[in-house]
There are 2 protein chains.
Amino acid sequence: MNDSGTGTFQANGDGDVGIVSYKDYFCPTPLEFELGGRLDSFNVRYETYGRLNSEKSNAILVCHALTGDHHCAGVYSIMDKKSGWWNNIIGPKKPLDTEKYFVICSNCIGGCRGTTGPASINPATGERYNLTFPAITMRDMVAVQRRLLAHLEIEKLHMVIGGSMGGMQALQWAIDYPEMVERVCALATTSRQNAQAIAFNEVGRSAIMQDPVWNNGNYELARIPSVGLGIARMMAHITYLSDKGLEGKFGREHSAIDGTKIFKPSFDIESYLHHQGQSFVNRFDANTYLYFTRALDLFDLRGKYGSLENAFKDVSARVLCVGFTSDWLFPPEQNREIVRALLRCKKTASYAEIKSDLGHDSFLIHSPKLYTLIENFLDV
Amino acid sequence: MNDSGTGTFQANGDGDVGIVSYKDYFCPTPLEFELGGRLDSFNVRYETYGRLNSEKSNAILVCHALTGDHHCAGVYSIMDKKSGWWNNIIGPKKPLDTEKYFVICSNCIGGCRGTTGPASINPATGERYNLTFPAITMRDMVAVQRRLLAHLEIEKLHMVIGGSMGGMQALQWAIDYPEMVERVCALATTSRQNAQAIAFNEVGRSAIMQDPVWNNGNYELARIPSVGLGIARMMAHITYLSDKGLEGKFGREHSAIDGTKIFKPSFDIESYLHHQGQSFVNRFDANTYLYFTRALDLFDLRGKYGSLENAFKDVSARVLCVGFTSDWLFPPEQNREIVRALLRCKKTASYAEIKSDLGHDSFLIHSPKLYTLIENFLDV
């Protein structure tokens, strides 16, 4: 279904949004954070694809996951080999059809890809915020997206969609701004970060924070805690995949085992992980990783509102949650539980489960079943 | 069933082996390693419980897992609050009944608890072996245990038993010395380390080897790569437990969240993991961790012998494999597969599965079902 359609700008073939560029929204109004602290002003970097219709009724907000950003579709130049992270889903005639919808995606507050975050300069001090940046929650991320929409003069969202941390934001949208959200599509997510997920995050944070280069967050950007951040990413990457997926892709394939160089990475899976770690270190800020993983850990709708039913009591959006069978980070049951609670509150919600061996990252990967689910959901 | 019986030495109550002490066997005969390299001589530290009968037919060899050692039962003094790691299973009237059996357990070659390993002094140089220590395989571990048994003048083992890496050794025993082994009990193990397990090990090794203190293995014992080793252990510890087990034990219990100290471990699971990491660093050598995890990665009976059937063709031992439902490091299916292959070879083998929420470590934990399985298996 992704091979047809025509975009206005085409760089990567039919069906792609083509060459895109980001925009910056500078918000001069102070932002108070949920857990305390404030920013007097901040920047939000975002991209949009498609055109807002005259009724302003066709906007879709995409929320990114832990290590994502605002660049979710298209390319920045004809030389750019890498499309945005959700290019398979966004574009002409794709599930988020840019001929019909106005798709918006912004880098979350606290991020490191243009939106104000720990690595940004605090105008009050002329220094980087680093750990003086306020603690971030999903509610803060969503509040900043709300500011962006106000700037864009959008008062209704046809849909908010996201996977993993993006799914948490989508749920938070339905809770915090029920009057604005018509549909929520939350993929591979949870209403409550559990002990195992907190545990993995804490190991990653410990690797970063014990890296001597980290220096209590005050590292030079020219010399980052790449060892700690790389370890954190390598480990986390395992949790995004699945036992079966890794077995199918890598198995025990290895180069010759040399008894005198026994600790040299010889297995394909080892080289792959090192590559993942290294490329991540080159694109992501260690302090943002700390803040975002902590925002994940703090996400617990049941704990915060007393019960899921109470959390969802004012939701007016239709909700679609999708779980993926091999996702062991936010397993199907955690997605199903969201829908069950919504149904107990007499909300309009449905749960779908997609069989996949690709683990948590399944939501990012080509999946005609997911495309059909989203297309149908957009039409109801 | 552990509350009855009388031991000769009693320190921790009825049914315990009481006060024990280790012994050292110095082997002056060179040892050639499977992947190359040799030791001219080596030490094996071991413990025994119970008495060898006059027919020398009642010996049980216990093989330890990655971070275990020879001290699997009893205490070293009446002040010693911590019993050996398998004290629940070894002792008078316990499944490995020391009134009936002579139980032997040795620290594996390459270990750090008394048996010659990377932290030992190479007599030829007067320096620690560190990374000049030969690469280790399960076959090497078993060959050293074989030497110890020769020293003890034992030619038959009533049973070899072990979980996880200990289970790999037990299988290797049945393959390498079929004439010596009457029973093999392999728990929570695999015939083939898969990609996900290799991946986790490689992250742990990377944390150690990228710790600047590690210094290519040549750290001072007074200043060890505790950051890397601690991270490795924290991560690995998650893989020894289970999502459900962690949820039941820790859930999201936390102290007050302070927005200004957001990265301070606040969740109980975080404090627990840090405690696990710290106590491990105090008792385990980082280089041994590298060697043992690599031995795990290299374990692949199918790859080595062409097929599991070929690996098992000369096995004469009865084999019992036990999988634990929530073990996601070496899941039930990997244990079942061993028995299936043995049965295809017309060997006497059985598989049992124990329902447990405690993950991979279930084999170490009080389990009347496991006790009954082992007791029945010893009697056939």
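Atom set for the values below is all heavy atoms of this structure, side chains included, hydrogens, waters and symmetry mates excluded. So you know, we letter chains A, B, ... as the sequences are listed, proteins then strands, and number each from 1.
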**Prompt:** Are there more than 12 heavy atoms of other residues, nucleotides or ligands under 6.0 Å from atom NZ of A/K304?
**Reply:** yes
**Asked** What do you reckon, is CZ of B/R223 surrounded by more than 12 foreign heavy atoms closer than 6.0 Å?
**Response** no
**Request:** Can you measure from CE (A/M209) to NZ (B/K264) and round to the nearest 0.5 angstrom?
**Result:** 11.5 Å
**Request:** Run the numbers on B/R205 and A/E270 for side chain to side chain contact (heavy atoms under 4.5 Å, CB included), then give the verdict.
**Result:** CA-CA 11 Å; B/R205 281 191 299 267; A/E270 296 178 310; 2.9 Å; yes
**Asked** Shortest non-hydrogen contact from B/M234 to A/S206?
**Response**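 Between these two residues, the closest heavy atoms are CE-OG, 3.8 Å.
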Select, from [options], the one with the greatest count of heavy-atom pairs under 4.5 Å involving chain A.
{"options": "B/A195, B/G259, B/P134, B/G37", "answer": "B/A195"}
{"options": "B/I269, B/L246, B/T132, B/I238", "answer": "B/I238"}
{"options": "B/Y291, B/Y272, B/F250, B/F33", "answer": "B/Y291"}
{"options": "B/G245, B/A135, B/G277", "answer": "B/A135"}
{"options": "B/G251, B/G36, B/G204", "answer": "B/G251"}

**Request:** Measure the acute angle between the ring planes of B/F200 and A/F200, then classify it against the limits of 30° and 60° as parallel, tilted or perpendicular.
**Result:** parallel
Between [X] and chain B, which part of the residue has a heavy atom less than 4.5 Å away: side chain, backbone, both or neither?
{"X": "A/L131", "result": "side chain"}
{"X": "A/P265", "result": "both"}
{"X": "A/H274", "result": "side chain"}
{"X": "A/L290", "result": "both"}

**Message:** I'd like to know whether A/F267 forms a side chain to side chain contact (heavy atoms under 4.5 Å, CB included) with B/E202, so could you lay out the CA-CA distance, the side-chain angles of the two residues, the decisive distance to 0.1 Å, and finally the verdict.
**Reply:** CA-CA 10 Å; A/F267 291 90; B/E202 178 62 8; over 6 Å; no
**Request:** Please tell me if the side chains of B/S266 and A/R294 come closer than 4.5 Å, counting only heavy atoms from C-beta onward.
**Result:** yes
**Request:** Would you mind reporting whether B/V203 and A/I231 have side-chain heavy atoms less than 4.5 Å apart?
**Result:** yes
Residue among [options] with most heavy-atom pairs under 4.5 Å to chain B:
{"options": "A/L298, A/L241, A/I136", "answer": "A/L298"}
{"options": "A/I198, A/L35, A/L273, A/T137", "answer": "A/I198"}
{"options": "A/D211, A/T293, A/V227", "answer": "A/V227"}

**Asked** If only atom types and distance count, is the side chain of B/R252 paired as donor or acceptor with the main-chain N or O of A/Q193 below 3.5 Å?
**Response**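 Indeed, once roles are kept as given, a pair shorter than 3.5 Å links the two residues.
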**Message:** Between A/E247 and B/R192, does the salt bridge (Lys or Arg N to Asp or Glu O under 4.0 Å) criterion hold? Intermediate values first, please.
**Reply:** CA-CA 11 Å; A/E247 197 52 37; B/R192 177 180 179 279; 2.8 Å; yes
